[in-house]
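In what follows, every heavy atom counts, from backbone to side chain, and hydrogens, waters and symmetry copies are set aside. Sequence lines set the chain letters: A, B, ... in the order given, protein chains first and strands last, and positions in each chain run from 1.
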Protein chains: 2
Amino acid sequence: MREPPSSAPEGSLIDPEVHVESFRQAREARRLELVEDYVELIADLIGDGGEARQVDIAARLGVAQPTVAKMLKRLAEDGLVQQRPYRGVFLTAAGEALAAQSRERHRIVERFLCAVGVSPETARRDAEGIEHHVSAETLDAFRRFADGHSDA
Amino acid sequence: MREPPSSAPEGSLIDPEVHVESFRQAREARRLELVEDYVELIADLIGDGGEARQVDIAARLGVAQPTVAKMLKRLAEDGLVQQRPYRGVFLTAAGEALAAQSRERHRIVERFLCAVGVSPETARRDAEGIEHHVSAETLDAFRRFADGHSDA
DNA sequence: GCATAAGTATAGCTATTGCTATAACTGCGC
DNA sequence: GCGCAGTTATAGCAATAGCTATACTTATGC
């Protein structure tokens, strides 16, 4: 009692393959969000005070210290950070690279939001979530726009 | 060997409370993402073909059918959908409301991305992830911008 | 140098979201 | 009305990300 949807979609539904790909991309981004947040924050903490302690990371992220410890173990397995027991945590070359990239993207998104009229506080908070879902092409458009409207 | 960070932040670090709040908001958004995606998709499927079957939802989302079944049970517990065993799934009034809101937000974000010069395909894919992290204020800015540049 | 405070590690729990495999049910053809 | 194909339900597993409680290590003060 269902006609094959081969030719004419009768509603607002888009191509299933595109749909799947969009969701797949969103899931993938969600998986990487936390990793990027951690690496970005560790880079900031090291840049600010010379070291990144678990308690500081936990306080910044708003989570408990064991949660951070577990995550750092995973980041170490992924080769992004290096940790010495009971000592601080450092970024590997790969970690530095990812942090730099994340920070740059974050900065562009935040600046862009301000450029389109969002208040600085909201821009900062929304950028934290949006940055992970911005593709290279969109980031490029954001950068161009922000550059062109930096003082409007 | 660490001075108290009471007065002057010497690096690029923002106020810890703001930091925590940003991450908390991002985590909260992440928790709601899936729910909104499901409800939005169910509304689309019903609007398109009159019914939303688990296999169709699974095919669109790119996940397995049992994953959908489990999620629908949760949505039913949350009062967003109503399901009859071995029959289709329907949206409750609350589900309809959430779907309408999600769809509207999705539409605005996608339209906005196109307005700033992103290609339609990329706009569609990025919107799927971005929409969940856009606050009311930012959405308003997006809408204003898209309305003013609909044909530029 | 020893006690205490601060920071880190570990154990064990929960919830979420994905999977595969398989059982149960519906509806259709014949 | 029986069987088979399609659909849904259920069971059980894994990974992730959070938590509390507690043990361990380091560093500091005296």
Side-chain angles (χ1 to χ4, degrees), chain A residues 1-5 20 23-39 41-42 45-46 49-78 80-90 128-129 132, chain B residues 1-5 20 23-39 41-42 45 49-78 80-90 129 132:
Chain A
M1 102 213 215
R2 237 175 326 283
E3 67 272 34
V20 166
F23 283 120
R24 201 207 55 73
Q25 176 178 310
R27 274 199 304 274
E28 177 71 7
R30 228 158 22 200
R31 210 173 54 79
L32 296 176
E33 269 179 77
L34 256 188
V35 171
E36 294 176 352
D37 284 343
Y38 268 84
V39 169
L41 176 56
I42 290 168
L45 284 170
I46 291 179
E51 61 178 353
R53 299 180 306 163
Q54 288 188 12
V55 283
D56 296 333
I57 298 172
R60 290 265 166 189
L61 289 175
V63 301
Q65 169 266 323
T67 300
V68 173
K70 197 183 292 186
M71 193 63 186
L72 290 182
K73 201 147 76 175
R74 184 181 139 201
L75 294 182
E77 284 168 2
D78 292 353
L80 294 173
V81 306
Q82 198 171 3
Q83 49 179 351
R84 296 174 305 180
Y86 293 100
R87 297 309 174 99
V89 57
F90 309 90
E128 195 65 66
H132 306 288
Chain B
M1 113 209 214
R2 237 176 328 282
E3 65 273 32
V20 167
F23 283 121
R24 199 206 56 73
Q25 176 179 309
R27 275 200 304 274
E28 176 71 8
R30 225 158 22 198
R31 210 172 54 80
L32 296 177
E33 269 178 76
L34 257 188
V35 171
E36 294 176 353
D37 284 343
Y38 268 83
V39 168
L41 176 56
I42 291 168
L45 284 170
E51 62 179 354
R53 299 180 308 162
Q54 288 188 12
V55 283
D56 295 333
I57 297 171
R60 290 265 167 189
L61 289 176
V63 300
Q65 168 266 323
T67 300
V68 173
K70 198 182 291 187
M71 193 61 186
L72 290 182
K73 200 147 76 176
R74 184 183 140 199
L75 294 181
E77 284 167 4
D78 292 353
L80 294 172
V81 307
Q82 199 171 4
Q83 50 179 350
R84 294 173 308 180
Y86 293 100
R87 299 306 175 99
V89 57
F90 309 91
H132 306 287

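Whole-Å rounding puts the Lys73(A) NZ to dG18(D) C1' distance at 15 Å. Regarding Gln54(B), its CD atom lies at a distance of 13 Å from the C1' atom of dG6(D), rounded to whole Å. Between the CZ atom of Arg84(A) and the P atom of dT25(D) there is a distance of 17 Å, rounded to whole Å. Rounded to whole Å, atom P of dT17(C) lies 12 Å from atom CD of Glu36(B). One can place CZ of Arg27(A) at 15 Å from C1' of dT16(D), the figure rounded to the nearest angstrom. A straight line from CD of Glu51(B) to P of dG27(C) spans 11 Å, rounded to a whole angstrom. If you take CZ of Arg53(B) and P of dA9(D), they are 13 Å apart, rounded to a whole angstrom.
Regarding contacts with the backbone of dA27(D), a side-chain N or O of Arg87(A) is found under 4.0 angstrom from either OP1 or OP2.
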Go through Ile57(A) and Val89(A) one step at a time and tell me if the side-chain contact (heavy atoms from CB on, under 4.5 Å) criterion holds. CA-CA 10 Å; Ile57(A) 298 172; Val89(A) 57; 4.2 Å; yes
Taking only N/O atoms, report every protein-nucleotides 1-5 of chain C pair under 3.5 Å with atom names and distance.
none

Determine, for nucleotides 20-25 of chain C in 5'-to-3' order, which nucleotides have protein heavy atoms under 4.0 Å from the base (write B), from only the sugar-phosphate (write S), or from neither (write -). BB--BS
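Closest to the side chain of Gln83(A), from the set dA9(C), dG7(C), dG18(C), is dA9(C). Which of dT8(D), dT8(C), dG12(D) sits closest to the side chain of Lys70(B) comes down to dG12(D). In the set dC19(C), dT17(C), dT8(C), the nucleotide with an atom closest to the side chain of Val63(B) is dC19(C).
The pair Arg31(A)-Glu28(A) meets the salt-bridge criterion, since a charged nitrogen lies less than 4.0 angstrom from a carboxylate oxygen. Of the charged side-chain nitrogens involved, none lies within less than 4.0 Å of a carboxylate oxygen, so that Arg74(B) and Glu77(B) do not count as a salt-bridged pair.
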